[in-house]
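Beneath this line is the structure, given in structure tokens, with notes to follow.
Letters go in sequence order (proteins before strands), and every chain restarts at 1. All figures in this text were calculated on a predicted structure; none of them were measured in a lab.
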Amino acid sequence: MMDMKSVESKWQAKWEKSRINVFNKKNADKKWYVLEMFSYPSGANLHVGHWYNYGPTDSYARFKKMQGYELFQPMGFDAFGLPAENYAIKTGIHPKDSTEKNIATMERQLHNMGAMFDWTAEIKTCEENYYKWTQWLFLQLYKKGLAYRKAALVNWCPDCETVLANEQVLGDGVCERCGSVVLRKDMTQWFFKITDYAEELLDDLDKLDWPEKTKLMQKNWIGKSTGCEIRFACETGDEIAVFTTRPDTVFGVNYVVLAPEHPLVEKLKAAHPENADAIDAYVRYAAEANDIDRLSTTREKTGVFTGAYATHPITGKQVPIYLADYVLYSYGTGAVMAVAAHDERDYAFAKKYGLPVTQVIQKVGGETVLPFTEDGILVNSGEFDGLSGDEARDAIAAYLTKTGKGGKKVNYRLRDWSVSRQRYWGAPIPMIHCDKCGIVPVPEKDLPVKLPYDVEFRPTGKSPLATHEGFMNCTCPKCGGKAQRDPDTLDTFVCSSWYFLRYPDAHNDKQAFSTEIADQMAPVDVYVGGYEHACMHLLYARFITKALRDMGYIHFDEPFKRLVHQGIILGPDGNRMSKSRGNVISPDKYVDEYGSDIFRLYLMFGFSYTEGGPWNDDGIKSIAKFTDRVERLVRNSLEEKANTNNLMNAAEKQLNYAKNYAIKSITRDIEVFSFNTSLARIMEYVNALQKYETETQKNVAFYKACIDDLVRMLAPFAPHFSEELWEILGHKDSVFTETYPLVDEQALIKDETEYAVQINSKIKAKMTLPENLSNEEIQAIVCANADIAALLEGKTVKKCIVVKGRLINLIVG
RNA sequence: GCCGAAGUGGUGGAAUGGCAGACGCGUCGGACUCAAAAUCCGAUGGUAGCGAUACCGUGUGGGUUCAAGUCCCACCUUCGGCACCA
């Protein structure tokens with residue numbers, strides 16, 4: 001039995017010395033860019049989830065290397081973020097210190113893992129030489145008009161006087177720290193105009209080799225809907241624009257609803273002071289609910305009448321204006337026309353508040369039961385009566401365009417990306433506020449805007465940086481007068497939206513990346529990470545790629561050609577691992593006991609990679625047993641003396657079949673990250689080798705070649721172990737300079753196949769038949785068989801279905 | 001609530017619409033051993049039967065098909081995301 005610990009450190013040292021893990025630019029034409037989502041250094045330790053992401057993916061990467069690709073597999077840390085700051089508030093340990101310490105620990109563990117990471121390209125997003133370029137990215141987006149400021153709602157804890165992340169708001173809408181009710185408060189924030197790219201982000205999904213479910217999630221997230229904008233005249237003289245996908249129901253409008261945050265609310269309140277108190281109370285009530293609750297279709301509908309009326313754009317009728325929190329200010333225009341007869345929510349609301357319900361659509365061929373939300377024939381709709389849904393939508397849109405009251409419009413559910421964070425541990429936003437010149441970008445030559453160390457990061461009611469005078473006070477680059485820096489930092493998703501471009505050019509101190517290198521190395525060939533990133537990170541990275549392309553910095557459209565999601569390893573109790581549940585499994589004790597290769601093999605063999613599942617270590621011993629068996633087989637093969645025969649008889653043919661079947665299956669399975677079946681095929685091959693080992697008359701030369709191939713086959717899955725075996729077999733160079741065994745299709749051709757014989761779809765017999773028979777010949781042979789003939793006694797064969805190489809189904813009556 | 005998935009033996013998991021349960025674990029039986037460990041060989045979805053065999057079986061209920069774990073409809077349960085966790 002091999003001492004895995006010493007074998008692993010031996011080979012890790014050799015790999016480091018030979019620089020085998022380092023990307024060789026000379027071979028860039030054969031590059032294969034494999035990227036695992038980088039880690040957030042929150043805990044001090046690598047957990048099972050990291051291992052599960054990186055170990056098997058490294059096996060895939062090593063396989064590609066053995067196929068002759070020049071592998072680029074970098075690693076780094078997404079090091080800014082909330083947890084380090086929260087930890088600092090709790091313990092007083094500075095985020096920079098705790099983060100650096102965590103990174104050092106994780107780097108050591110990642111090295112011990114023995115993955116083929118190119119550490120020369122390492123990135124840490126919290127370091128100046130990285131966030132300088134994150135700030136540069138912000139400036140480019142600003143120049144291009146893709147960064148702008150507007151008011152947005154944030155979670156605000158009135159007692160802690162701080163903005164809270166959604167994660168810090170507990171289920172019942174209270175602050176996790178002090179238990180106060182969290183309010184939603186308006187705050188001016190920087191936004192990226194991702195909505196400018198909504199259409200392309202949607203269209204280009206078709207180009208991507210991504211899981212269909214992920215593409216569908218993004219499609220729904222972007223949420224394109226084609227409809228109509230309709231403008232109602234409000235009694236205050238303003239216009240209320242609404243977006244609807246059902247302009248065909250416009251004659252059925254019973255009232256208009258504004259989101260409680262709608263800017264018009266103040267004016268309406270002023271116009272109707274008798275309702276001001278009720279409106280205020282309702283706005284306060286709505287500020288306590290989150291979007292998820294507000295959109296719930298089963299939640300009790302609430303609202304308040306403003307006292308004001310709007311004019312119907314076609315009929316000229318007066319309709320009341322309500323506020324209701326089932327309308328979100330962030331979606332569409334923040335206002336809807338309510339058609340009680342043909343919308344579930346509007347119907348419920350109208351019933352509750354005693355509002356009229358006007359039917360304008362009639363079901364075709366049946367009784368119309370309200371609310372009726374499907375398409376039908378228009379009634380009570382003036383000149384549009386009798387039209388169908390599609391006809392009416394076109395006709396009414398055209399009519400509104402003609403009268404200047406609206407028209408066709410495409411709306412997206414996608415919202416612009418809010419990137420301001422009122423926090424310390426992030427990249428400072430490189431903008432300056434000057435009383436004279438307004439908002440002025442920091443000149444690129446002055447980057448980075450350094451994040452100061454000595455900052456009070458405990459909550460004070462302002463952004464932490466706002467209290468740091470040395471940071472805040474600066475001179476305006478435009479007028480040279482006194483000015484103030486933007487006190488906010490960037491969302492960490494900004495850091496991670498472009499890191500894949502930095503890796504191939506990680507030491508460039510003149511640019512974020514060179515266009516030439518980026519065009520050569522990107523897009524990433526395979527990107528591996530969790531499904532939970534389906535909508536946000538993966539969409540942001542796509543957006544930034546497209547924006548950089550439009551600015552001419554890169555010349556491709558998508559960051560990640562292919563995407564794979566690993567599953568999640570749950571705790572032994574079936575729940576997500578978490579400290580509070582006490583179900584966290586540390587990989588360390590297994591790595592200590594069995595070694596990194598065996599732990600990796602177990603992760604690959606014990607789970608379906610894309611599914612994951614609850615942890616249990618029942619099978620890990622059996623993996624150690626398996627490697628022992630392989631080692632014995634390899635060592636015993638050294639004892640085999642020179643050839644006694646060089647024939648390819650039945651036994652050799654069988655072994656050759658097993659070998660080639662394994663090669664063929666693995667080559668196919670590993671491409672789809674099916675590691676468990678790949679390893680199953682290697683185990684079968686090992687079983688076949690063990691069987692052949694017992695032969696007294698061996699073709700030794702052939703057998704030894706088979707053993708060599710076994711080690712090559714196993715190498716990506718158990719890299720240290722295989723290197724050691726390769727050396728034991730007498731080879732001088734690393735097994736990773738070898739080519740992965742190629743399949744010999746000739747060896748897979750069989751002379752005969754076993755068929756299942758069915759009668760009326762029930763299996764009745766098994767028959768071994770020669771290859772190359774026609775369906776008629778097969779039927780004749782089967783029917784001539786004595787057992788089958790007995791079963792067919794007195795019946796006629798109406799139909800015979802032959803599935804080549806599998807089964808024969810006789811339909812008899 | 002909305003969007004997206006998943007449900008298969010005692011267990012982890014396999015199955016281009018074509019022999020359900022590959023490959024393992026566990027269990028049982030056997031060999032080796034004074035004995036144990038290790039190793040090797042065999043059996044192992046359920047029910048009935050001495051047996052050949054028969055029937056049942058992929059969350060539940062329907063459907064399509066010569067043939068359904070796989071496709072369609074309805075439902076149940078669990079998981080991921082829902083825009084300031086990353």
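Across all strands shown, Val154(A) has heavy atoms under 4.0 Å from base atoms, whether or not it also approaches the sugar-phosphate. No contact: Leu570(A) has no heavy atom under 4.0 Å from any strand. Counting non-hydrogen atoms under 4.0 angstrom, Ser330(A) reaches nothing in the nucleic acid. His537(A) comes within contact range of no nucleotide atom at all, as no heavy-atom separation falls under 4.0 Å. Within the nucleic acid shown, Arg294(A) has no heavy atom closer than 4.0 Å to any nucleic acid atom. Contacts of Trp417(A) with the nucleic acid, taken as non-hydrogen atoms under 4.0 Å apart, are absent. Heavy atoms of Lys621(A) sit nowhere under 4.0 angstrom from any nucleic acid atom. Residue Glu684(A) is in sugar-phosphate contact alone, with no base atom involved, counting any heavy-atom pair closer than 4.0 Å across all strands shown. Residue contacts for Asn687(A): at a heavy-atom cut-off of 4.0 Å it reaches the sugar-phosphate backbone alone, with no base atom in range. Looking at heavy-atom distances under 4.0 Å, Tyr755(A) makes no contact with the nucleic acid at all. Within 4.0 Å (heavy atoms only), Gln168(A) reaches no atom of the nucleic acid at all. Across all strands shown, Gly567(A) has no heavy atoms under 4.0 Å from either base or sugar-phosphate atoms. Nucleic acid contact class of Leu82(A) (heavy atoms, under 4.0 Å, all strands): sugar-phosphate only. Nucleic acid contact class of Phe626(A) (heavy atoms, under 4.0 Å, all strands): none.
Relative orientation of the Phe675(A) and Phe673(A) rings is perpendicular, given thresholds of 30° and 60° on the angle between their planes. Between Tyr52(A) and Tyr609(A), the ring-plane angle classifies as tilted under the 30° and 60° cut-offs. Using the six-membered ring where Trp is involved, Phe543(A) and Trp417(A) have ring planes that are perpendicular, over 60° apart on the 30 and 60° scheme. Classified by interplanar angle (parallel below 30°, tilted 30° to 60°, perpendicular above 60°), the ring pair His565(A)/Tyr531(A) is perpendicular.
Using a distance-only test at 3.5 Å, with no hydrogens or angles considered, a donor-acceptor pair links the side chain of Asp416(A) to the main chain of Thr195(A). In this structure, Tyr499(A) contributes its side chain and Gly76(A) its backbone to no donor-acceptor pair below 3.5 Å. No side-chain donor-acceptor contact under 3.5 Å links Trp425(A) to the backbone of Asn86(A).
Taking atom CD1 of Ile568(A) as the reference point, atom P of C79(B) lies 11 Å away to the nearest angstrom. Atoms CD1 (Ile808(A)) and P (C19(B)) sit 13 Å apart, rounded to a whole Å. Between the CE atom of Met683(A) and the C1' atom of C25(B) there is a distance of 10 Å, given to the nearest Å. Between the P atom of C85(B) and the CE atom of Met577(A) lies a distance of 23 Å, rounded to the nearest Å. With rounding to whole Å, Leu216(A) atom CG is found 12 Å from A6(B) atom P. As a whole-Å value, the separation of Gln758(A) CD from G17(B) C1' is 12 Å. When the C1' atom of C25(B) is taken as reference, atom CG of Leu603(A) falls 16 Å away, rounded to whole Å.
Where Lys762(A) and Gln690(A) meet RNA chain B, the nucleotide closest to each residue was compared, and Gln690(A) sits on the side nearer the 5' end. Nearest-nucleotide positions on RNA chain B place Phe607(A) closer to the 5' end than the other of Arg629(A) and Phe607(A).
When the P atom is compared between U60(B) and C50(B), the two are found 31 Å apart, to the nearest whole Å. Here, C72(B) and A6(B) have their P atoms 12 Å apart, quoted to the whole Å. With P as the reference atom, U70(B) and A54(B) are 25 Å apart, rounded to whole Å. A distance of about 34 Å separates the P atoms of A83(B) and G12(B), rounded to the whole Å. Between the C1' atoms of C25(B) and C34(B), the separation comes to 31 Å (whole Å). Comparing the P positions of G59(B) and G13(B) gives a spacing of 15 Å, expressed to the nearest Å. Taking atom C1' on both nucleotides, G17(B) is separated from C2(B) by 33 Å, rounded to a whole Å. Going from the P atom of U78(B) to that of G42(B) covers 44 Å, rounded to whole Å.
Look at Arg421(A) and you'll find a side-chain N or O under 4.0 angstrom from OP1 or OP2 of C84(B). For Asn166(A), a side-chain nitrogen or oxygen approaches OP1 or OP2 of A83(B) to under 4.0 Å. Contact annotation: Arg299(A) does not reach the phosphate of G1(B) (side-chain N/O to OP1 or OP2, under 4.0 Å).
Comparing A14(B), G80(B), C84(B) by their closest approach to the side chain of Arg423(A) singles out C84(B). Of the candidate nucleotides A20(B), C23(B), C85(B), C85(B) has the atom nearest to the side chain of Pro83(A). When each of C3(B), G12(B), A67(B) is scored by its nearest atom to the side-chain atoms of Met217(A), the top-ranked nucleotide is C3(B). Of the candidate nucleotides A86(B), C66(B), A22(B), A86(B) has the atom lying nearest to any side-chain atom of Met536(A). Distance from the side chain of Glu167(A) is smallest for C85(B) among the nucleotides C85(B), A22(B), C66(B). Of the candidate nucleotides C84(B), C66(B), A14(B), A14(B) has the atom lying nearest to any side-chain atom of Thr677(A).
U44(B) is paired with G26(B) under the criterion used here, namely a Watson-Crick or G-U wobble arrangement in which both key atom distances are under 3.5 Å. If you check G61(B) for Watson-Crick or wobble pairing at under 3.5 angstrom, you find it paired to C73(B). Base pairing annotation: G21(B) forms no Watson-Crick or G-U wobble pair, as no partner gives both donor-acceptor distances under 3.5 Å. If you check A68(B) for Watson-Crick or wobble pairing at under 3.5 angstrom, you find it has no partner at all. In this structure C82(B) sits in a base pair with G1(B), meeting the Watson-Crick or G-U test at under 3.5 Å.
A centroid separation of less than 6.0 Å is found between the aromatic rings of Tyr590(A) and Trp615(A).
Nucleotide G9(B) carries a syn base; the chi torsion (O4'-C1'-N9-C4 or O4'-C1'-N1-C2) is within 90° of 0.
No hydrogens or angles considered: a donor-acceptor pair under 3.5 Å links the side chains of Gln218(A) and Arg542(A).
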